[in-house]
2 protein chains.
Amino acid sequence: MRIFMTPFTPPGETREKVYRFVRRRILEELPPTVREVQEAFRFRAVQTAREHLERLVAEGRLVKAHGKSRGYRLPREPGTLFVPLLGRVQAGGLRAAIEECEGYLPVQSRGSEEMFGLRVQGESMTGAGILPGDIVVVRQQAEAASGDIVVALVGDEATIKRLRLRGNGIELHPENPAFTPIVPRAEECTVLGKVVEVRRYLEG
Amino acid sequence: MRIFMTPFTPPGETREKVYRFVRRRILEELPPTVREVQEAFRFRAVQTAREHLERLVAEGRLVKAHGKSRGYRLPREPGTLFVPLLGRVQAGGLRAAIEECEGYLPVQSRGSEEMFGLRVQGESMTGAGILPGDIVVVRQQAEAASGDIVVALVGDEATIKRLRLRGNGIELHPENPAFTPIVPRAEECTVLGKVVEVRRYLEG
DNA sequence: GCGCATACCAGATTTTTGTCTGGTATGCAA
DNA sequence: TTGCATACCAGACAAAAATCTGGTATGCGC
């Protein structure tokens, strides 16, 4: 007569915990093996862990790569990618600036667009809640709509302003009464991309 | 006589590519196996991939968990963790709010502190560049220093204000002249945590 | 009782994966 | 020339991990 450890486990409760465990591990960059799940929950059999995992897959809460180690993943990728954080961008040197970036930022993104982070200098956009020292996350694109906040290369330095289309030309508007709009000639201004996110770190 | 495919590969060039490949894979959440590296570079022998990887470890550019599958990691963890994004927090229900969160935010963090994200309502902190709809990232802590921006539970709703210590008591200061400071009694106010980051998503 | 579901366990097989031993080719410096 | 480094290859072995087969206990509806 064998002893079976089958404490009163309400249906689904253990599975819920397994799901949370696996999700956390995946988000922390290393999905667990079936045996790691087994050990984490003190199952006596690998199969028990496997059954929970396969059930989660059947329910659509996880997806897996059959036969591969650590093959369980979250469905619909959370799509977190790391974009380079640039200190400043000088004329023409976006490529160079990306090579010499200060670090990387985790960013949520659906596509695999080319993006970068840029540290804000100056007070010209405080009216839009963008303060010196903030970081803007920029999606690289040469075109933008009127009203978008963009990063543009004017002269030999990148600047953050609100874009206004005026007939054929463009204007770059600060969001601070102490500054005046820039009306660059087309050939001396390049739109590097659109600001899609603003971040401010209050410590560290 | 065997034929060896040894094209002119400048020293370190292949290794650099291997490093980039592995780093990308790690950041995308599933570190490669040695054989996956082998296949990605069309090496005829696993050992070739292994030598590059071990070399990268020796150089300190990667670290590994010996004997574990997919055991290569980036040194000094980028320490990205995912924190729950809460819509609103009502009296006492921080735990409940975390259970029913709207989603997860990738956040850079050194420790494994308890954190959460909270969507900003109202204009009381616009002077600090915190606008309605912004997201604040909060580290849970019951104590905070004078001058910190905190999330506090006053009455039955969470609010974001700048904390001021006044003798024995506390004051919660808005950063907008149209609002007046709150001077709560100690028993009707709980500091949930300190705002460590502000985010604004400009699209989506 | 019966059938059926969930929840779990035991032991084995098969595949994947990490590791190891010993090799070839090329360039460089002593 | 020798020695030594890098860069690569071949074939194996052993550990780790996924998978499979067949079981026990408990509760629920009929």
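Here is how names work: the chains are called A, B, and so on, in the same order as the sequence lines, proteins then strands, and each is numbered from 1.
A salt bridge does not link A/Glu51 with A/Arg15: none of the charged nitrogens is closer than 4.0 Å to a carboxylate oxygen.
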Which pairs of donor and acceptor atoms, one on a side chain in residues 62-69 of chain B, lie under 3.5 Å apart (sequence neighbours left out)?
residue, atom, partner, partner atom, Å
B/Lys64, NZ, B/Glu54, OE2, 2.9
B/Ser69, OG, A/Ser69, OG, 3.3
B/Ser69, OG, A/Arg70, NE, 3.1

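Between A/Thr48 and the phosphate of C/dC9, there is a side-chain N or O to OP1/OP2 separation shorter than 4.0 Å. Between A/Arg44 and C/dA10 there is a side-chain polar atom (N or O) within less than 4.0 angstrom of OP1 or OP2.
The side chain to side chain contact (heavy atoms under 4.5 Å, CB included) check on A/Glu175 picks up A/Met125, A/Ala128, A/Arg162, with sequence neighbours excluded. For B/Ser146, the side chain to side chain contact (heavy atoms under 4.5 Å, CB included) partners at least two apart in sequence or on another chain are B/Arg164, B/Leu165. Applying the side chain to side chain contact (heavy atoms under 4.5 Å, CB included) criterion to A/Arg119, with sequence neighbours excluded, gives A/Leu85, A/Glu102, A/Ile135.
In this structure, NE2 of B/His52 is placed 6 Å from P of D/dA7, rounded to the nearest angstrom. B/Phe43 has its CZ atom 8 Å from the C1' atom of D/dC8, to the nearest Å. When the P atom of D/dT6 is taken as reference, atom CG of B/Leu53 falls 16 Å away, rounded to whole Å. One can place CD of B/Gln38 at 17 Å from P of D/dA7, the figure rounded to the nearest angstrom. Taking atom CZ on A/Arg15 and atom P on C/dT6, their separation rounds to 8 Å, with Å as the unit. The CD-P distance, from B/Glu39 to D/dC8, rounds to 17 Å in whole Å. Remark: C1' of C/dA7 and NZ of A/Lys17 are 14 Å apart, rounded to the nearest angstrom.
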Tell me, for nucleotides 15-20 of chain D in 5' to 3' order, what letter each nucleotide earns: B for a base near a protein heavy atom under 4.0 Å, S for only sugar-phosphate near one, - for neither? -SBBBB
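Sorted by first then second residue, the ring-ring contact (aromatic ring centres under 6.0 Å, His included) pairs that include residues 16-40 of chain A, not counting sequence neighbours, are A/Phe21-A/Phe41.
When distances run from any side-chain atom of B/Arg55 to the nucleotides D/dA7, C/dT6, C/dC9, the shortest one goes to D/dA7.
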